[in-house]
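For the numbers below, each heavy atom of this structure counts, side chains included, while hydrogens, waters and symmetry mates do not.
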Amino acid sequence: MDLGLQGRVAIVAAASKGLGRAVAEELAREGARVAICARGAAELEQAATDIQKSTGRDVFHQSVDVANPAAVFQFVTAVAERFGRLDICVTNSGGPPSKMFADTNPQDWRSAVDLLLMSTVFFAKETLPHMQKNKWGRFITITSSAVKQPVDGLLLSNSIRAAVTGLARTLANEYAAYGITVNNVCPGYTSTARLENLAATISACTGSPSDTVFADWTRQIPAGRIGTPQEFAAVVAFLASERASYVNGASIAVDGGMVRSLL
């Protein structure tokens with residue numbers, strides 16, 4: 001299937017590793033010109049080099065704190081100047097720490113809002129006008145299956161990612177007339193460093209070995225296994241494509257069937 005991504009320009013945030021990196025590589029493989037950002041400069045540079053080698057595509061990279069509006073503005077401006085246009089934005093960030101409610105403080109909540117919600121707001125503010133000008137665009141948020149079914153131990157993520165989902169659904173209504181779609185993609189248990197860290201945290205709290213934690217998660221998944229970043233990235237690439245032009249305002253779980261809700 002030709003996804004129609006040849007020559008499109010895509011931003012992928014938090015793309016030095018994990019889901020973001022897999023998405024950036026998939027988009028590049030489909031012919032998009034890709035710009036990636038993350039906080040860690042060394043990891044980011046290595047990711048850009050690896051993606052260029054595996055896809056043959058030039059990858060622009062810049063170290064960015066996505067919770068800093070000035071940094072997001074500078075990055076988006078640099079991407080538009082380098083490539084002459086901007087078509088796709090995939091928002092993403094690291095997750096807040098795993099905590100129970102009694103262990104949180106006001107700063108934990110403020111930091112989670114900045115990291116998850118405000119970073120999405122900043123990218124929307126800077127990228128959507130470019131898409132409006134072109135009368136075509138794809139704005140995609142990487143959230144979590146937690147917006148459909150809360151995950152134990154991820155209180156901050158459960159709460160704030162729901163706000164991101166509400167933001168994206170509203171943007172979908174406001175920008176559809178410009179040929180822009182806005183969708184959320186909700187990963188379930190996927191084999192990333194983030195999942196390893198969550199397993200380690202649960203293990204430390206419960207005394208159960210990490211292997212047992214993974215086995216418990218796997219039993220919750222009808223597919224009977226943890227997902228891969230590449231499987232997740234394929235769904236994002238489809239939503240970014242010409243083929244997905246009538247998919248708008250959706251929150252799509254990529255979780256092997258773990259979420260039991262009807263919608």
Out of curiosity, does [Y] fall in the hydrophobic cluster containing [X] (side-chain heavy atoms, cut-off under 4.5 Å, transitive links)?
| X | Y | result |
| --- | --- | --- |
| V12 | V76 | no |
| V236 | V34 | yes |
| L19 | V164 | no |
| V182 | V185 | no |
| I36 | V72 | no |

Do [X] and [Y] come within less than 4.5 Å of each other through their side chains, counting heavy atoms only?
| X | Y | answer |
| --- | --- | --- |
| L167 | V121 | yes |
| E26 | V23 | no |
| C186 | D255 | no |
| P222 | R260 | yes |
| L128 | L171 | yes |
| D108 | K99 | yes |
| T104 | F101 | yes |
| M100 | C205 | no |

Would you compute the distance between atom [atom1] of [X] and atom [atom2] of [Y] and round it to the nearest 0.5 angstrom?
| X | Y | atom1 | atom2 | result |
| --- | --- | --- | --- | --- |
| M131 | T181 | CE | OG1 | 8.5 Å |
| S119 | D114 | OG | CG | 8.5 Å |
| L5 | E242 | CG | CD | 8.0 Å |
| T165 | L117 | OG1 | CG | 10.0 Å |
| Q62 | F75 | CD | CZ | 6.5 Å |
| I11 | L27 | CD1 | CG | 12.0 Å |

Indicate the atoms forming the closest heavy-atom contact of [X] with [Y], along with that distance.
| X | Y | result |
| --- | --- | --- |
| V147 | A162 | CG1-N, 3.9 Å |
| R21 | I51 | O-CD1, 4.2 Å |
| A48 | H61 | CB-ND1, 3.7 Å |
| A176 | N248 | CB-ND2, 3.5 Å |
| P229 | G18 | CB-O, 4.3 Å |
| N158 | P150 | ND2-CB, 3.6 Å |

Backbone N/O of [Y] and side chain of [X]: donor-acceptor pair under 3.5 Å:
| X | Y | result |
| --- | --- | --- |
| R33 | G7 | yes |
| R29 | T55 | no |
| R243 | D2 | yes |

Where at least one partner belongs to [range], residue pairs that pass side-chain hydrogen bond (donor to acceptor under 3.5 Å, both in side chains), sequence neighbours excluded:
| range | value |
| --- | --- |
| residues 220-238 | R225-E231, T228-E231 |
| residues 36-49 | Q46-D50 |
| residues 138-151 | T141-N184 |
| residues 195-204 | none |

Residues clustered with Y246, ILVMFWY side-chain links under 4.5 angstrom: none

Apart from V213 itself, its cluster of hydrophobic side chains linked below 4.5 Å comprises V151, L154, Y189, L195, L198, I202, F214, W217, I221, I226, M258, V259

The side-chain hydrogen bond (donor to acceptor under 3.5 Å, both in side chains) partners of T127 (sequence neighbours excluded) come to none

With a 3.5 Å cut-off and sequence neighbours excluded, list the donor-acceptor pairs that the side chains of residues 91-98 form with protein atoms.
from : atom 1 : to   : atom 2 : distance (Å)
N92  : ND2    : A13  : O      : 3.4
N92  : ND2    : A14  : O      : 3.2
S93  : OG     : L115 : O      : 3.3
S98  : OG     : G153 : O      : 2.6

Heavy atoms of other groups near F60 CZ, more than 12 under 6.0 Å: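 More than 12 within 6.0 Å, yes.
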
Residue set satisfying side chain to side chain contact (heavy atoms under 4.5 Å, CB included) with D216, at least two apart, ordered chain then number -> T212, R219

With sequence neighbours left out, what residues match S159 under side chain to side chain contact (heavy atoms under 4.5 Å, CB included)?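 Testing S159 for side chain to side chain contact (heavy atoms under 4.5 Å, CB included), a comparison that skips the adjacent residues, returns W109, L155.
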
Pairwise ring-ring contact (aromatic ring centres under 6.0 Å, His included) hits with a residue in residues 124-149, at least two apart: none

Atom pairs and distances, side-chain donor-acceptor, residues 77-88, under 3.5 Å, sequence neighbours left out:
from : atom 1 : to  : atom 2 : distance (Å)
T77  : OG1    : F73 : O      : 2.8
R82  : NH2    : D58 : OD2    : 2.6
R85  : NE     : D87 : OD1    : 3.1
R85  : NE     : D87 : OD2    : 3.0
R85  : NH2    : D87 : OD1    : 2.7
D87  : OD1    : R8  : NH1    : 3.3
D87  : OD2    : V9  : N      : 2.8

